[in-house]
Number of protein chains: 2
Amino acid sequence: MPKKKSHKEGLRDLSAIFKEHRLKITRQRLEIFKVLASMEDHPSAEDVYAAVKTKIPTISFDTVYRSLALFERHGVLGRVQSLDDRTRYDPNTSPHYHLVCKTCKTIRDFSWPDLDELTAPDDIKEWGAIEKKYLEFRGICRECLAREKGP
Amino acid sequence: MPKKKSHKEGLRDLSAIFKEHRLKITRQRLEIFKVLASMEDHPSAEDVYAAVKTKIPTISFDTVYRSLALFERHGVLGRVQSLDDRTRYDPNTSPHYHLVCKTCKTIRDFSWPDLDELTAPDDIKEWGAIEKKYLEFRGICRECLAREKGP
DNA sequence: GTAAGTGCAAATGATTTGCACAGCG
DNA sequence: CGCTGTGCAAATCATTTGCACTTAC
């Protein structure tokens, strides 16, 4: 059985993570985080809402938004800007890059050690203090390419 | 030989560019494009609107939006997603990367030949067809750093 | 002349916020 | 118990759209 990504481990110690960041533990927050971590792709707030609603039917959309914003503020989640203008959330907090399909809007992670090691140009240093590097490739994924060729 | 279009050059032959793409030449479009090309930073639709309004006081916001979208569709302009959720436009169509200040939200261009030449990991090829590479560094620019230290 | 561009105002759609009640610590 | 989190509905804010008039070609 192929093992899931490492952020699944975080799932086990979910309340530990919450405590560490001094976040109140609520059923909604736990479910939202669980759903996020279990989704392979990078879900939008709407996707998360839909998934959590099956567990907590009374949950509201804005609790989802508030929780996601909270998680992001505490560095428990990342945020990805997608092509369709909905924000996507990323439970994978280790450094990685993205492959974005402009047809189906899916976002896949990939790693690129050569880029990790590449030293940035000198003139960047005088710009200011760099904190994070974002890279994405945009194109069309295999599935969408196939779909375009044969109807 | 295919001519390289720096945006300054484009500015000179503005109506030529429009004709080439079979876009009707209107006063609004000309002004919008001129304003874009003259702005050092990457302006938002609002910035463009404000600047063009000094030249054509009767121009409407949606003409600006429509023109920017048109230009983008024809590859005359690029689009940058900014940290404050307003779209920024980029008259520089040659390949380059961005430095984004998370405090003042400015976006500066830079080039990185080593990255241009770096070959992407093999497993990306099986994902699909890559069309474009986006990279940005986020951090705090020199000016904002100084402002934070001593007010 | 005619199809496309413009200005206006009203619509959209993702995200946010004020408020009263509910639940965590 | 106090204070934060939640749910609801209404508010925001950038961007888009329908329509009647104007303009480029």
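Since this is a predicted model, take the numbers as computed values, not measurements. Computed over heavy atoms, backbone and side chain alike; hydrogens, waters and symmetry mates excluded. Numbers restart at 1 for each chain; the letters A, B, ... are given by sequence-line order, proteins then strands.
- No donor-acceptor contact under 3.5 angstrom links the side chains of His42(A) and Asn92(A), judged on distance only.
- Here dA14(C) presents its C1' atom at 10 Å from OH of Tyr89(A), a figure rounded to the nearest Å.
- Near DNA chain C, meaning a heavy atom under 4.0 Å away, the residues from residues 56-71 of chain A are Asp62(A), Tyr65(A), Arg66(A).
- If you find the closest nucleotide of DNA chain D to Ser44(B) and to Thr26(B), the one lying nearer the 5' end belongs to Ser44(B).
- Using a 4.0 Å cut-off between charged nitrogen and carboxylate oxygen, Arg79(B) and Glu72(B) count as a salt-bridge pair.
- Backbone-only engagement by Gln28(A) is indicated by non-hydrogen atom pairs under 4.0 Å involving sugar-phosphate atoms exclusively.
- At whole-Å resolution of the value, OH in Tyr49(B) and C1' in dT6(C) are 13 Å apart.
- Checked against the 6.0 Å centroid threshold, Phe137(A) and Phe110(A) count as a close aromatic pair.
- Protein atom CD of Glu31(A) is 17 Å distant from nucleotide atom C1' of dG7(D), rounded to whole Å.
- Position along DNA chain D of the nearest nucleotide to Arg27(B) versus Asp85(A) favours Asp85(A) as the more 5'-ward residue.
- In summary, the aromatic rings of Phe71(B) and Phe18(B) are positioned with their centroids under 6.0 Å apart.
- Proximity of Arg29(A) to the phosphate of dG5(D): a side-chain N or O atom is located under 4.0 Å from OP1 or OP2.
- The side chain of Lys24(A) lies closest to dG25(C) when the candidates are dG25(C), dA3(C), dT6(D).
- Between Asp84(B) atom CG and dT16(C) atom P the separation is 13 Å, expressed in whole Å.
- Under the 3.5 Å distance criterion, with hydrogens and angles disregarded, a donor-acceptor pair is assigned to the side chains of Asp116(B) and Tyr97(B).
- Nucleotide dC25(D) holds its P atom 9 Å from the CG atom of Leu30(B), rounded to whole Å.
- Under a 4.0 Å N-O distance rule, the pair Glu126(B)/Arg142(A) does not qualify as a salt bridge.
- In this structure, Asp47(B) places its CG atom 11 Å from P of dA14(D), rounding to the nearest Å.
- Protein atom CZ of Phe18(B) is 10 Å distant from nucleotide atom P of dC25(D), rounded to whole Å.
- The two residues Arg27(B) and Lys55(B) come nearest to each other via the heavy atoms NH1-O, 4.0 Å.
- Rounded to an integer number of Å, the gap from Lys19(B) NZ to dA4(C) C1' is 17 Å.
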